[in-house]
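Predicted model only: the values in this text are computed from it and were never measured. Just so you know, residue 1 is the first one in the sequence shown, and it goes up from there. Whatever order the structure lists ligands and atoms in, that order sets their numbers, starting from 1.
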Amino acid sequence: MLLIPKTMQAVVYRGANDLRLETVPVPRIGPGELLVRVAVCGVCPTDIKKIQYGTIPPPRIFGHETAGTIVRVGSRLQQFRVGERVALHHHVPCLECHACRHHAFAQCAQYKRTGITAGFEPAGGGYAEYVRVMPFVLPGVVRIPARNSFLEGALLEPVNTVLKGVKRLALLPGDTVLVAGQGPIGLMFTRLLALHGMRVLATDLLPARLKLARAFGAAAVYCPESKVQSPKPKVEGNPKPEARNPKSSITHHASRITHPAANPQLSALVHQLTKGRGLDAAVIAVPSDAVVREAQALIRGAGQVLLFAHTRRGAETSIDPATVCMDEKDLIGSYSSDYLLQKEVARLVFSRKLDAPRLITHQFPLAQTAAAIELASHPTAESLKVVVVQDE
Ligand SMILES: [Zn+2]
Ligand SMILES: [Zn+2]
């Protein structure tokens, strides 16, 4: 029998930018629920946004990229055992409603409910010692194999959101895809797209991140700030210098005329990589409207721009609607995870094909969760994925 205390430590959100380490009751579970002792919880940008801008009312306990050990099983549950190491999903769709029948799980009313809590209004609860797992998210409980760590388990949810984004793109092997922003999410896109046989052009303001993008399979990298390609992209064939090739000079000139929104160097690089065709798709993993417009200019006709980091409501931006109508350039979005990808994601992470733990650069104890969130929201040249760790 595991001895479970009556109270625990938790990091409670008390208002905008106000996180406090408090002693709260260990959640009580119902007959159809689980109690999990949290081992690792990843720091996710969507939580950071809620905490910093105070967009939802306090008090709450955040943290939703959670892995841990089952310490209590509700009397009605047969399929779980105390001691099992698990990764959790705080959102699970019903699979039956109108949205679910259209495979729009993130729009399902059940999916929008948070099914994991450490107390107060459910908000994930991962920044606490114990969480209660409610019946409707039990299908989202994934067992962690003995050879894998809690750190790997905590990466299932973010990797799932990225794989869902990749599946939104209509790509053929060998296609060229821009991934703008090489933070933890952008790097996962780079890796997953490369694993799917795409040629990735990775951009970021931090050269250290571009180096990792290379290691994760990017075919070319570009740093907009330094105005230098770093390092020089490898391109198949050897395009002749434009000055000596009037034909290519004309094409290039033409491409510049149709790409007024794009940085000329990036534009030239895309031209070179795609033999003048344009990008097949672009993934925007930075919340910048200028980058969206640039990507819109750089994709080919009937290409796709996927928004992945635009999570602040109320912003307005201008896009020429004719590029969508006549050029058939799709502007699409992807948010949150896809329940049906759980098995594929577990295989990718647990087989270590994805090498996701390499993205974890900083681990903080529970008491320093506020510092973890501060670092994740103001990344340094070296910092990528930040996690709160209670047990490895
Ligand atoms: Zn997340
Ligand atoms: Zn549904």
Side-chain angles (χ1 to χ4, degrees), residues 11 13 38 40-52 55-56 60-68 87-118 122-127 131 134-140 142 150-166 181 183-189 192 285 287 307-312 333-342 345-346 349 354 356-357 359-360 362 369 372-373 375-377 379 384-389:
V11 176
Y13 157 78
V38 178
V40 172
C41 184
V43 175
C44 173
T46 57
D47 283 344
I48 293 175
K49 192 194 67 176
K50 289 171 194 158
I51 292 165
Q52 292 191 327
T55 50
I56 49 177
R60 285 170 208 249
I61 300 170
F62 285 110
H64 63 263
E65 299 175 358
T66 306
L88 308 176
H89 288 79
H90 64 316
H91 291 150
V92 173
C94 76
L95 301 179
E96 283 166 5
C97 72
H98 189 74
C100 283
R101 278 188 281 119
H102 288 80
H103 202 143
F105 297 149
Q107 311 307 321
C108 158
Q110 176 183 296
Y111 186 93
K112 289 182 183 202
R113 284 177 63 201
T114 299
I116 300 177
T117 181
Y127 303 142
V131 290
M134 296 180 219
F136 65 93
V137 293
L138 291 178
V142 178
F150 287 121
L151 288 170
E152 288 172 311
L155 287 165
L156 293 190
E157 197 266 352
V159 170
N160 189 315
T161 66
V162 172
L163 185 63
K164 173 183 167 179
V166 168
I185 289 288
L187 282 163
M188 283 186 217
F189 266 107
L192 275 178
L307 305 192
F308 203 83
H310 284 72
T311 55
R312 247 192 120 174
S334 185
Y335 187 64
S336 213
S337 61
D338 180 340
Y339 171 75
L340 297 182
L341 296 177
Q342 251 172 222
V345 169
V349 174
L354 192 63
L359 296 172
I360 298 173
H362 291 79
T369 298
I373 288 167
L375 174 64
S377 59
L384 287 167
K385 187 72 181 172
V386 177
V387 295
V388 173
V389 177

Measure from the Zn ion (ligand 1) to every N/O/S atom of E65 and report the name of the nearest one. OE2

Of all the N, O or S atoms in E157, which has the shortest distance to the Zn ion (ligand 1)?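 Closest to the Zn ion (ligand 1) among those atoms: OE1.
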
With a cut-off of 2.8 Å, does H98 place any N/O/S atom under that distance from the Zn ion (ligand 2)? no

Taking the Zn ion (ligand 1) as the vertex, what is the angle from NE2 of H64 to SG of C44, given to 10 degrees? 100°

In this structure, is the centre-to-centre distance between the rings of F62 and Y13 below 6.0 Å?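 Y13 vs F62: aromatic centres under 6.0 Å.
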
What pair of heavy atoms forms the shortest contact from C41 to G126, and how long is it?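 That would be CB-O, 3.5 Å.
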
Taking atom OG1 of T46 and atom NE2 of H64, what is their separation to the nearest 0.5 Å? 4.0 Å

Which class fits the ring pair H91 and Y111: parallel under 30°, tilted 30 to 60°, perpendicular over 60°? tilted

